[in-house]
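Notes follow once the structure below has been shown.
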Amino acid sequence: MEVVVTSNPTELGTIVADAIEQLVTNVPNATLGLATGSSPLTVYAELIRRHQQGRISFRRTTMFLLDEYVGLPADHPETYRMTIRREFTDQIDVPDSSAHGPDGTATDLLAECQRYEEKITASGGIDLQLLGIGTDGHIGFNEPVSSLASRTRIKTLTPGTRNDNARFFTSPEEVPQHALTQGIGTILEARHLVLVASGATKAEAIAKTVEGPIGAMVPATSLQLHPHATVVVDESAAAMLQRIDYYRSAYLNKPAWQTI
Ligand code: F6R
């Protein structure tokens, strides 16, 4: 796993946007996996800026969201589909029909999970999957003790995750109890995983993800099994890493032609 320690969330956004720009430029029909939440916001802001400058187009890119709440009406502003439109896809040139998410309003949720898996497979698979991380080490909504081989399915959110996400709702009780999420097995099939984290609240989860033993109690440790996983953090999220000097020197001494 490569660890890139950046000075601040803006620099984090620039480094990850470089990798996405390179992908979308070199692979015109690229498939990009998106995450919602606060962590990737500087990445989206930088990509929007580059798009507005005419430097990057997403017209031929297909996008897949990681997850979606179950039971919120489709036009609720906090559905992940609406959130990603507002924060990213409505501000670039990707056609709305090319940006997909699991449907948390489906009457048959099991069939919806299967349909979503098939849609990802039919696209040729995800080239680069952006990931955030929960304070408990979740990725997507794969909460602790999720199977490391899991596929897209319905998960019950932990009280901690509902509490973390309560800031987006008018009251904590409004946060849905369930979500549809790509499984860890699904996520590990993406060709490049890029996990981003900033802020001190993520420091413990990042240290366990990078340096801890692999286990279902910290779902993000599954990234250690992936041949091309990159963890991009700011100084605060990196604060509990024991081998931080090594990560810094490895990144600085990378061959010039290699991005993350
Ligand atoms: C959302 C997702 C979640 C978030 C995680 C961190 O699509 O995949 O795993 O990335 O809950 O959220 P923030 O970045 O808001 O702390």
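Note that the structure is a prediction, hence the values are computed from the model and not measured. Remember, it's 1-based here, ligands and their atoms both numbered in the order they're listed.
- Near R167, with a cut-off below 4.0 Å to any heavy atom, the atoms of ligand 1 are 15 (O).
- Of all atoms in ligand 1, listed by their number and element, those nearer than 4.0 Å to a heavy atom of S38 are 13 (P), 14 (O), 15 (O), 16 (O).
- Heavy atoms of L131 found under 4.0 angstrom from ligand 1: none, in either backbone or side chain.
- With 3.5 Å as the limit, one finds no donor-acceptor pair spanning the side chains of Q182 and T152.
- Taking the ring-ring contact (aromatic ring centres under 6.0 Å, His included) definition, one finds that H226 meets it with nothing, sequence neighbours left out.
- A search for side-chain contact (heavy atoms from CB on, under 4.5 Å) contacts involving Q242 returns E211, not counting sequence neighbours.
- Surrounding NZ of K208 are at most 12 heavy atoms belonging to other residues, nucleotides or ligands under 6.0 Å away.
- The aromatic rings of F141 and Y80 lie parallel to each other, their planes meeting at an angle below 30°, with 60° marking the opposite boundary.
- A heavy-atom distance below 4.5 Å is found between the side chains of T158 and D136.
- The environment of Y246 atom OH is sparse: at most 12 non-hydrogen atoms of other residues, nucleotides or ligands sit within 6.0 angstrom.
- Of all the heavy atoms of D67, the ones lying under 4.0 Å from any atom of ligand 1 belong exclusively to the side chain.
- Summary of contacts: the protein heavy atom closest to atom 14 (O) of ligand 1 is S39 OG, 2.4 Å.
- Counting only heavy atoms of the protein, atom 6 (C) of ligand 1 lies nearest to I133 O, 3.3 Å.
- Scanning the protein heavy atoms around atom 10 (O) of ligand 1, the nearest turns out to be G132 CA, 3.3 Å.
- For ligand 1, none of its N or O atoms has an N or O atom of Y80 under 3.5 Å away.
- Every atom of ligand 1 with a heavy atom of K202 under 4.0 Å away is listed here by number and element: 6 (C), 13 (P), 14 (O), 16 (O).
- Less than 4.0 angstrom separates some heavy atom of L66 from each of these atoms of ligand 1: 8 (O).
- Put simply, no part of Q182 is less than 4.0 Å from ligand 1, judged by heavy atoms.
- By the rule that hydrophobic residues join a cluster once side-chain heavy atoms approach within less than 4.5 Å of another member, I139 and I260 end up as members of separate clusters.
- Between F169 and Y69, the ring centre distance stays below 6.0 Å.
- When only non-hydrogen protein atoms are considered, atom 4 (C) of ligand 1 lies nearest to T36 O, 4.0 Å.
- Residue-environment remark: CZ (R55) exceeds the threshold of 12 foreign heavy atoms within 6.0 Å.
- Scanning all protein heavy atoms for the shortest distance to atom 11 (O) of ligand 1 gives H138 NE2, 2.7 Å.
- Residue G140 approaches ligand 1 through these ligand atoms, each under 4.0 Å from one of its heavy atoms: 2 (C), 3 (C), 8 (O), 9 (O).
- The ligand atoms of ligand 1 that sit less than 4.0 angstrom from a heavy atom of G37 are 14 (O), 15 (O).
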